[in-house]
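First the structure, in the form of structure tokens, and then the observations on it.
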Protein chains: 2
Amino acid sequence: MSTPRHHAVEDAEVWLGVQEASDMLGVSPATLRRWSAAGKVRAFTTPGGHRRYAESTIRQLLGRAAGLDSSVSALGESVDRAAWALHEQLAPVCGSLSWVPRATPEERQILGLAGRSMVQGLLGYVDGRNDHECESAIRPAIEAAAMQGRIAARHHGDLGETLETFHRVRGALVDDLAARACLAGLDTPRATRLLARANDGVDRLIVALVDAHAAAPAAAVSPG
Amino acid sequence: MSTPRHHAVEDAEVWLGVQEASDMLGVSPATLRRWSAAGKVRAFTTPGGHRRYAESTIRQLLGRAAGLDSSVSALGESVDRAAWALHEQLAPVCGSLSWVPRATPEERQILGLAGRSMVQGLLGYVDGRNDHECESAIRPAIEAAAMQGRIAARHHGDLGETLETFHRVRGALVDDLAARACLAGLDTPRATRLLARANDGVDRLIVALVDAHAAAPAAAVSPG
DNA sequence: GAAAATTCGGGTAATTAGGGTC
DNA sequence: TCTGTCCTAATTACCCGAATTT
């Protein structure tokens, strides 16, 4: 019977010294030191003042240029199916916006397409393996968000209400990704990176929507 | 011999040998030994002189953290200090908003206070152990967000630009929490829950800001 | 009781931090 | 503005034989 203490440490993080980390990044140790001093790269500081960098942190920095290792498809489900499921969940929420009943049937159809496009683009953005793939995926989603913003403005949609809807979208997407990440056994760095990217994507859609909403300041309909 | 110390409580603490502990910290056993000799790291010493380290002690060193629950304070740093650091990082971003130079000195001072209040409230919201604590923490932050929205509206601030700033706040907060979670060894479910809560908090501030912005539709300024 | 693995302690070489400058 | 290179003081890593733990 083995003694119960000293359990093997399960998720041991690999720590790198400044030299190793800066070699990986291709910068000088002084630069990496400045980065951590500025809060750009997180590091564990020993009581003596020396820094230790988590290998996952460094890989994350590299990942912006090289392959991203946290993706939806790596989570086991195809992007298409995930998008479909998410859209099914979100469509009623979006449809309950107070200004939607004022939209024409054609506009409502467009809104449905836009919603699907946004969900699809968002997941594609999260799933992309490099910047180019991410941008290609989200571009139509951004256009769809702008379209939704213009239609909302046309019908005097309340911006706060629309934002809340988007926040629900964000919540659902993040919850969904988090659940998939847990199921897939993704480790904490990868999972949090995934969620951060999802956030970025949603933020970009929101900005596009708000800008479009403001730029197309409504047609004069139903003037009181 | 049986395990020397199971004092009554049994599942309380996991003890690590020097090798395991130093692996977790990314330093050599000799260094860890020197730290305990200097009183920097508390260790239990066997009658023969060997040291045993509590896993929680090691985690405290890593993120200044003992990752037991998903909260900022459990992540080791006091909310106040984390808020201060985050605000330091974000203040220049918020100050670069195009409409800020049009604000009066007094307003700018108020904006600074509001920014600090929002960061503090946000972290308190994430850190809260129950609904009541969360709500108490975020309420002043919501009021601060509304205040910022009113000031922005007064100076014809661009809503999209303000939103982008908030999205940067979200990004910084999420990055910060994610990094802390990784350092503290938080598992994926806890870490994702933490980030989801942070998102919720930011969303509520954004809604408050946008609503206030819309409700206080600007004064006629800049007679130029 | 005995053996293998680990830890202790110390002494020295290598690496790092930090500031200042280009 | 940012990065790479110097400099010195401080910290850390590697070496050893002896003692402890398993």
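What you see below is based on every heavy atom in this structure, not just the backbone, and it leaves out hydrogens, waters and symmetry mates. Quick note on labels: first sequence line is chain A, next is B, and so on, each numbered from 1.
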Intra- and interstrand pairs of DNA chain C - dot-bracket, Watson-Crick/G-U under 3.5 Å, | marks other strand: ..|||||||||||||||||...

Non-hydrogen atoms of B:A145 and B:A208 that approach each other most closely: CB-CB, 4.3 Å

B:Y53-B:S36 side chain donor-acceptor pair, cut-off 3.5 Å: yes

Phosphate contact (D:dG4 OP1 or OP2) by A:S28 side-chain N/O below 4.0 Å: yes

Strand contacts (DNA chain D) in residues 34-41 of chain B, 4.0 angstrom heavy-atom criterion: B:R34, B:W35

With sequence neighbours excluded, residues passing side chain to side chain donor-acceptor pair (under 3.5 Å) with B:D203: A:H167, A:R170, B:R170

Heavy-atom closest contact (A:P47 atom, B:L61 atom, distance): CG-CD2, 4.2 Å

Straight-line distance of A:L122 CG to A:N199 CG, nearest 0.5 Å: 9.5 Å

Pairs flagged by salt bridge (charged side-chain N to carboxylate O under 4.0 Å, His left out) wherever residues 134-146 of chain A is involved - sequence neighbours left out: A:E135-A:R204

Side chain to side chain donor-acceptor pair (under 3.5 Å) partners for A:S28, two or more places apart: A:T31

Under-4.0 Å side-chain N/O to phosphate OP1/OP2 contact, A:T46 with D:dT11: no

Heavy-atom protein contacts under 4.0 Å, nucleotides 2-15 of chain C, coded B base, S sugar-phosphate only, - none: -----SBB------

Minimum heavy-atom distance B:R51-B:V18, with the two atoms named: O-CG2, 4.1 Å

From A:R52 atom CZ to A:E20 atom CD, the distance as rounded to the nearest 0.5 Å: 8.5 Å

Interatomic distance, B:E164 atom CD to B:L159 atom CG [nearest 0.5 angstrom]: 11.0 Å

